[in-house]
Structures are given as C-alpha cells and as structure tokens.
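Taking it in order: structure first as structure tokens, then the write-up.
Starting from 1, each residue takes its place in the sequence as its number. Basis for what follows: all heavy atoms, side chains included, without hydrogens, waters or symmetry-related copies.
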Amino acid sequence: FHNDISNRNYPAAYNSWGSAFQNTTDYCKFVSSYTNTLHDDVLIEQVTTLHDATTQVVTIVNTTEETPSGNTPRSYQETYIVGQENNIWKILQGTSS
C-alpha cells in the first residue's frame, strides 16, 4: 500500500483496501488525500494473528509531504486489520494516529 503511494500508483493503493472501505471512500477523495505525499517509509512494529483469521499490523510511517513551506517530514502510527476477501489479501480496516 505505502509503496504504491510513494510510486503514485493510486489505483493499486486503492485496490489494496477491501470492499467496505471502497464502498464508503470515493476514489478521487482517496487520491487527493495522498497527492502531497512524496515518500513513505514504513516500520512494522507488531503483527498479531487474530481469532477470526485476520491479522493486525501495527506500523510507524515516516512520510515526507510537499507543503507550501517546503518538504515536511511527518511520523505517525497506523494499525491495520488485513485478511482475505475473495481469496485476495486486503486491508479490511485501518486507523492512524
């Protein structure tokens, strides 16, 4: 997902998400939320298998964003729930802080 964002491959990044996300998030809105992202580096902190055959992945994302005052580094934590949807691994849920 983040590699696709860094490469500006927004269709692939959007398709990393499951249908629940895609049904509630317009593609153009999704793209516009990442157009200022120049690069993401992701550190996986924790991976936990959950009882429902999904996996929780906790990451630290160090990103560089283009802002009016220049390139700005930011860091935040994300938690994803990933699992199979139609036999394809997808991000089913995600939160950022």
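Clustering ILVMFWY residues whenever any of their side-chain heavy atoms sit less than 4.5 angstrom apart, transitively, puts Ile5 in the very cluster that holds Ile44. Hydrophobic clustering (ILVMFWY, side-chain heavy atoms < 4.5 Å, transitive): Tyr34 and Val61 are in distinct clusters. Grouping the Ile, Leu, Val, Met, Phe, Trp and Tyr side chains by contacts below 4.5 angstrom, directly or via other members, places Phe1 apart from Leu43. Tyr76 and Val58 fall into different hydrophobic clusters, where Ile, Leu, Val, Met, Phe, Trp and Tyr are joined by side-chain heavy atoms under 4.5 Å apart, directly or via other members. Criterion: ILVMFWY side-chain heavy atoms under 4.5 Å apart, direct or through other members. Under it, Val82 and Phe30 are part of a common hydrophobic cluster.
Between Lys90 and Ile81 the shortest side-chain heavy-atom distance does not fall below 4.5 Å. Taking the side chain as every heavy atom from C-beta outward, Thr67 and Arg74 approach each other to under 4.5 Å. Looking only at side-chain heavy atoms (C-beta outward), Ile60 and Ser75 come within less than 4.5 Å of each other. The side-chain heavy atoms of Leu92 and Trp17, taken from C-beta on, include no pair separated by under 4.5 Å. For the pair Gln56 and Tyr80, the minimum side-chain heavy-atom distance is 4.5 Å or more.
Once rounded to the nearest 0.5 Å, the distance linking CG of Asp41 with OG1 of Thr64 reads 7.5 Å. The CD atom of Glu45 sits 5.5 Å away from atom CD of Gln77, with the distance rounded to the nearest 0.5 Å. Remark: Glu85 CD to Thr54 OG1 distance equals 12.5 Å, nearest 0.5 Å. Here the CG atom belonging to Asn36 is positioned 10.0 Å from the CG atom belonging to Asn71, to the nearest 0.5 angstrom. Of the inter-residue distances, the one linking Ile91 atom CD1 with Ser16 atom OG reads 5.5 Å to the nearest 0.5 angstrom.
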Taking it one step at a time, do Leu38 and Arg8 satisfy side-chain contact (heavy atoms from CB on, under 4.5 Å)?
CA-CA 9 Å; Leu38 299 174; Arg8 298 188 183 266; 3.7 Å; yes

One pair to check against side-chain contact (heavy atoms from CB on, under 4.5 Å): Gln22 and Asn15. What are the steps and the verdict?
CA-CA 8 Å; Gln22 291 182 13; Asn15 286 326; 3.6 Å; yes

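Remark: the backbone N or O of Lys29 is paired with a side-chain donor or acceptor of Ser32 at under 3.5 angstrom. Side-chain atoms of Thr72 come within 3.5 Å of backbone atoms of Gly70 as a donor-acceptor pair (strictly under, hydrogens ignored).
The two residues Asp4 and Ala12 make their nearest non-hydrogen contact at OD2-CB, 3.4 Å.
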